[in-house]
Protein chains: 2
Amino acid sequence: MEESTIKLTRKEQIFLTAERLFKEKGYMASSMRDIAAELDIEAASLYSHIKSKDEILETICFRMADQFLESIAEANDLYFNAEERLKMAIKSHIKILTGDLNASSVFIREWRHLNEPRLSEFKELRNKYENEFRSILQNGEDENVFQTVDKKFAVLTILSALNWITEWYKPEGEMTSDEIAENLSAFILNGLRK
Amino acid sequence: MEESTIKLTRKEQIFLTAERLFKEKGYMASSMRDIAAELDIEAASLYSHIKSKDEILETICFRMADQFLESIAEANDLYFNAEERLKMAIKSHIKILTGDLNASSVFIREWRHLNEPRLSEFKELRNKYENEFRSILQNGEDENVFQTVDKKFAVLTILSALNWITEWYKPEGEMTSDEIAENLSAFILNGLRK
DNA sequence: CCTACCGATCGGTAGG
DNA sequence: CCTACCGATCGGTAGG
């Protein structure tokens, strides 16, 4: 595990531990004392490295949001037709998810516990990301390659299928991350193509 | 709203209020005092009608689980070919979800906070339900109507797309529950057919 | 990074 | 259904 073999700052160790606990038990059910115990220190000592429990959740959620937004910008830069853009966007999304399951789960499930104004900022980033997907579907429709569908509805359906991966994916499992990406993008493209 | 116009037992009012709060803020972030305040009574008074906070969550989760299991049994009873079975199973699933968004959200998101042994019982029911879907996909493959796919993977993908509806569906929105069911079952069937 | 501690809040009970 | 209350636990601070 990274936590024990690679040298990380205490702050990063705190984030990694929190991600794991937040995924397992949820943000509200994980106490600062739980996190501290995992690191063999006292709860009060955490506050030498971080400002608050809120800060941990914020850091996790916004780091993930940034990664997702970067990856779709890259897909749009690299490709110019809708089908390849969507294929890469789906694969990158899955790569990010499976590359850090703990942080991804927190990003997907626990963002509701962000406080304002961070909560609104987060929702805005999410919306921006969904918008990029909607644009790709529109591209495909304009190119006469994709069917005419309700974009909002289609994007939410696609992203839900992708995000659910964090609920069942096991790195030791039968399917590799790439196989999942291949299957899912084929399934989705198949459903969208004319 | 049902809560004010139809006469309900106090116990049912407590469940309805809890479903709404658990959906909005999550189980852990909703206190017994929050629930009581919504009903204009003291927290201690809740305990004349229910045994514990746990009991509320259990009731919500298992009621929903029972509904889903009944609905798929009905689909299997009424139809004998895979395509019709799956179509009805999808539509019934969506009807249950949109028919009670609060309870459905709790069922989907908050079951993790069940305690043993109820947690294991719940997971078993969930697995039973997923198994019924897997059987239908197998039927379709045997009938030479559906493609050969990884059933576990396909069912999780289908259910995730269905369940995500609770995150964005608004009864006042543009799409009716039936339209969503129609679109989604067409999309899924399209992806599965040979 | 620790000891010692704070005020707030939690689920729940006793007794009426 | 309420008053009065319990022990436990929470996020966080002061001061070293």
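Everything quoted here is computed from the prediction, not taken from an experiment. A note on names: the letters A, B, ... follow the listed sequences, proteins ahead of strands, and every chain is numbered from 1.
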Among A/Phe122, A/Phe62, A/Phe107, the one residue meeting ring-ring contact (aromatic ring centres under 6.0 Å, His included) with A/Phe68
A/Phe107
A/Asp40 or A/Arg33: which one's nearest nucleotide on DNA chain C is closer to the 5' end?
A/Asp40
In this structure, CD of B/Glu42 is separated from OH of B/Tyr47 (nearest 0.5 Å) by 13.0 Å
Whether A/Lys151 engages the ring of A/Phe146 as a cation-pi pair (distance to the six-membered ring centre under 6.0 angstrom, angle to the ring normal within 45°) should be assessed.
no
Shoot me the first and last contacting nucleotide of DNA chain D against chain A, ordered 5' to 3', at under 4.0 angstrom to non-hydrogen atoms.
D/dC10 to D/dT13
Candidate list B/Leu97, B/Thr166, B/Asn163, test side-chain contact (heavy atoms from CB on, under 4.5 Å), partner B/Ser105, passing option
B/Thr166
Please give the nucleotide sitting opposite C/dG15 as a Watson-Crick or G-U wobble pair, both distances under 3.5 Å, or none.
D/dC2
Heavy-atom nearest nucleotide on DNA chain D taken for A/Ala44 and for A/Ala29; more 5' hit belongs to A/Ala29
Regarding A/Arg112 and B/Glu167, does a basic nitrogen lie under 4.0 Å from an acidic carboxylate oxygen?
yes
Comparing B/Met28 with A/His49, nearest DNA chain C nucleotide closer to 5' gives the residue A/His49
Could you tell me whether B/Ser48 contacts a base, only the sugar-phosphate backbone, or nothing, with contacts defined as non-hydrogen atoms closer than 4.0 Å?
base
Check B/Glu130 with B/Lys123, please: is the shortest side-chain N to carboxylate O separation under 4.0 Å?
no
